[in-house]
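Note sheet for the following structure.
On a predicted model such as this, the values are computed, not experimentally measured, just so you know. Throughout, residue positions are numbered sequentially from 1 according to the sequence presented.
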Amino acid sequence: MRRSVLAFSGLALFGAALTACSVNRFERRDPWRDQAEQVCLAKKLVTQTEFITPAAAIDGPGPCGMQQPFRVTRLGNGSVLLKQRMTLGCPALAEAEAWLADTIQPAAELYFGVPVAEINAGSYSCRGRNNQPGAKLSEHGFGNAVDIMSFKLADGHVITVKGGWRGTEAEQNFLREVFLGACQRFTTVLAPGSNVFHYDHIHVDLARHDPRGLRRICQPLIKFTPQLGGDGPRPLSKPVPPPRQPAPPQAPVDIEEDDPYGVSPMSRAHSATQVARAPVRAPAQAPSAYTSVQARPAFAPRPAPRVAAVPEEPAGDEGEPLQLGAPPPSVDGPIY
């Protein structure tokens with residue numbers, strides 16, 4: 001009995017040591033993080049409701065945490081259910097609410113005729129990037145990032161980022177509107193095609209890529225003309241944002257590479273998902289490859305078959321297909 005207790009205690013201590021090693025304790029929380037929280041709270045950019053409630057400060061392990069976390073069960077004044085509760089800091093929550101109001105819901109109404117009713121998203125998690133022990137901390141460790149995996153519409157249809165990015169025309173257009181809208185609000189936006197880790201979700205965060213926090217990273221580069229467009233980037237957290245345009249190309253510098261499921265793309269099992277499909281015109285029926293067989297006299301010669309011409313496949317609107325592998329190394333430094 002005593003040996004069993006000692007063995008169990010040893011395993012528990014070993015597990016605790018592994019957990020401690022998973023967070024880079026040599027990092028320090030940058031001063032701008034607390035300052036950004038304080039400004040956001042002072043401006044009252046987040047409104048407390050029965051769905052958005054303040055929680056006790058999170059301090060650690062290591063530099064993880066935030067001064068004033070918010071527990072969120074619904075967004076959009078309660079109109080959009082979260083499949084799993086989120087924990088976010090004030091700046092990220094304020095931008096997520098604005099993104100929902102000025103891009104996600106209008107895009108859903110435009111392409112599907114119904115609003116988004118539920119979002120499957122991930123938020124706070126004190127861990128290294130890509131769930132690697134000792135790696136640089138993810139923005140999720142500061143409540144400063146959101147991962148969107150899927151949208152459920154009011155009619156019950158589900159649009160997954162994994163399937164919809166190359167799905168129906170309506171799904172593709174909707175997700176690209178959402179993607180470009182995020183690029184006008186967040187400093188980092190990564191979608192399928194940016195690297196292998198984001199094949200199934202859209203990652204957004206408010207990391208600072210330069211001392212002044214002006215540099216933005218929006219990947220991948222896509223050929224798409226937004227229907228909700230305009231000119232000029234959106235300022236952060238404004239009730240009525242001005243029109244927007246796609247963000248300029250940015251070199252990948254110190255960007256987030258994370259996997260909300262904690263697995264590689266090759267190890268995730270495929271599952272059938274109900275997806276939204278917009279009404280499309282029925283394609284013109286090609287003529288039959290052979291003429292119909294009719295009753296003929298025995299001596300009548302059989303006519304030669306008529307082979308229908310195969311129409312050429314029209315060129316896509318997006319040019320070259322997006323590469324789902326990791327991007328090549330940048331001259332500015334490695335991608336973490």
Q) Do Val161 and Pro192 come within less than 4.5 Å of each other through their side chains, counting heavy atoms only? A) yes
Q. Does Thr87 reach the side chain of Phe70, with side-chain heavy atoms less than 4.5 Å apart?
A. no
Q: Work out which heavy atom in Gly143 is nearest to a heavy atom in Ala92; give both atom names and the distance.
A: O-CB, 3.6 Å
Q: Flag yes if Ile52 and Leu81 sit in one hydrophobic cluster, no otherwise; membership is Ile, Leu, Val, Met, Phe, Trp, Tyr, and two members link when side-chain heavy atoms are under 4.5 Å apart.
A: no
Q. Do we see a donor-acceptor contact under 3.5 Å between the side chains of His203 and Thr188?
A. no
Q: Taking all non-hydrogen atoms of both residues into account, name the closest pair between Gln172 and Gly167 and its distance.
A: NE2-O, 2.9 Å
Q. Does the Glu37 side chain pair with the main chain of Gln67, one donor and one acceptor, at a distance under 3.5 Å?
A. yes
Q. Among the clusters formed by ILVMFWY side chains lying less than 4.5 Å apart, do Phe186 and Trp32 turn up in the same one?
A. no
Q: For Val116 and Lys152, run side-chain contact (heavy atoms from CB on, under 4.5 Å): C-alpha distance rounded to whole Å, both residues' side-chain angles, the deciding distance at 0.1 Å, then the answer.
A: CA-CA 6 Å; Val116 169; Lys152 185 176 182 180; over 6 Å; no
Q: Please report the shortest heavy-atom distance between Pro69 and Ala57, naming the atom on each side.
A: CD-CA, 3.8 Å
Q: May I ask you to decide if Arg215's main-chain N or O and His209's side chain share a donor-acceptor pair within less than 3.5 Å?
A: no
(Q) Could you check whether any side-chain heavy atom of Arg176 comes within less than 4.5 Å of a side-chain heavy atom of Pro226, counting everything from C-beta outward? (A) no
Q. Do Arg33 and Phe142 come within less than 4.5 Å of each other through their side chains, counting heavy atoms only?
A. yes
Q: Flag the pair Asp210 and Arg216 as a salt bridge only when some basic side-chain nitrogen lies within less than 4.0 angstrom of an acidic carboxylate oxygen.
A: no
**Q.** Among Val80, Val178, Thr160, Asn120, the one residue meeting side chain to side chain contact (heavy atoms under 4.5 Å, CB included) with Phe151
**A.** Val178
Q | side-chain contact (heavy atoms from CB on, under 4.5 Å) between Val204 and Thr187, worked out | A | CA-CA 8 Å; Val204 299; Thr187 57; over 6 Å; no
(Q) Membership question, hydrophobic clusters at under 4.5 Å side-chain separation (ILVMFWY): are Ile159 and Phe224 in the same one? (A) yes
Q) With a 4.5 Å heavy-atom cut-off, do Ile217 and Val189 have their side chains touching? A) no
Q: Determine, using the 4.5 Å side-chain heavy-atom cutoff (strictly less than), whether Leu153 and Leu100 are members of one ILVMFWY cluster.
A: yes
Q) Without hydrogens or angle criteria, can the side chains of Tyr111 and Gln227 be said to hold a donor-acceptor pair below 3.5 Å? A) no
Q) About how many Å separate CZ of Phe174 and CD of Glu109, when rounded to the nearest 0.5 Å? A) 10.5 Å
Q: Apply side-chain contact (heavy atoms from CB on, under 4.5 Å) to Phe51 and Leu82, showing your working.
A: CA-CA 10 Å; Phe51 312 111; Leu82 294 176; over 6 Å; no
Q: Work out which heavy atom in Ala36 is nearest to a heavy atom in Pro91; give both atom names and the distance.
A: O-CG, 3.8 Å
Q: May I ask you to decide if the ring planes of His201 and His198 are parallel, tilted or perpendicular, using 30° and 60° as cut-offs?
A: tilted
Q: Kindly say whether Thr168 contributes a backbone atom to a donor-acceptor pair with the side chain of Glu171 at under 3.5 angstrom?
A: yes
Q) Distance only, no hydrogens: is a donor on one side chain within 3.5 Å (strictly under) of an acceptor on the other, for Thr73 and Arg85? A) no
Q. Considering all heavy atoms of both residues, which atom of Pro106 and which atom of Ala101 are nearest to each other, and what is their separation?
A. CD-O, 3.3 Å
**Q.** Distance (rounded to the nearest 0.5 Å) between Arg71 CZ and Ser123 OG
**A.** 9.0 Å
**Q.** Asp30/Arg208 ion pair, N-O < 4.0 Å
**A.** no
Q. Can you tell me how far the CG atom of Leu175 sits from the CZ atom of Arg166, to the nearest 0.5 Å?
A. 11.5 Å
Q. Are side-chain heavy atoms of Trp99 and Ile148 found at a separation under 4.5 Å?
A. yes
Q | Test side chain to side chain donor-acceptor pair (under 3.5 Å) applied to His140 and Asp205, step by step | A | CA-CA 8 Å; His140 289 284; Asp205 69 46; over 6 Å; no
(Q) Rounded to the nearest 0.5 Å, what separates atom CD in Glu118 from atom CZ in Arg74? (A) 9.0 Å
Q: Please assess Arg185 against Glu95 for the test salt bridge (charged side-chain N to carboxylate O under 4.0 Å, His left out), listing each intermediate value before the final yes or no.
A: CA-CA 7 Å; Arg185 290 206 163 273; Glu95 292 307 324; 3.0 Å; yes
Q: Report the C-alpha distance between Leu110 and Leu228 in whole Å, list the side-chain angles of each, state the deciding distance to 0.1 Å, and finish with yes or no for side-chain contact (heavy atoms from CB on, under 4.5 Å).
A: CA-CA 9 Å; Leu110 175 63; Leu228 303 176; 4.1 Å; yes
Q) When the aromatic ring centroids of Trp165 and Phe179 are compared, is their separation below 6.0 Å? A) yes
Q) Under a 4.5 Å side-chain heavy-atom rule over Ile, Leu, Val, Met, Phe, Trp and Tyr, are Leu206 and Val39 clustered together? A) no
Q. Does a side-chain heavy-atom distance below 4.5 Å link Gln68 with Cys90?
A. no
Q.
Restricting to non-hydrogen atoms, name the atom on Leu88 and the atom on Ala145 that form the minimum distance, rounded to 0.1 Å.
A. CD2-O, 3.4 Å
(Q) Tell me whether Arg29 contacts the main-chain N or O of Cys64 through its side chain, where contact means a donor paired with an acceptor under 3.5 Å. (A) yes
Q. Tell me, do Met66 and Tyr124 make a side-chain contact under 4.5 Å, heavy atoms counted?
A. yes
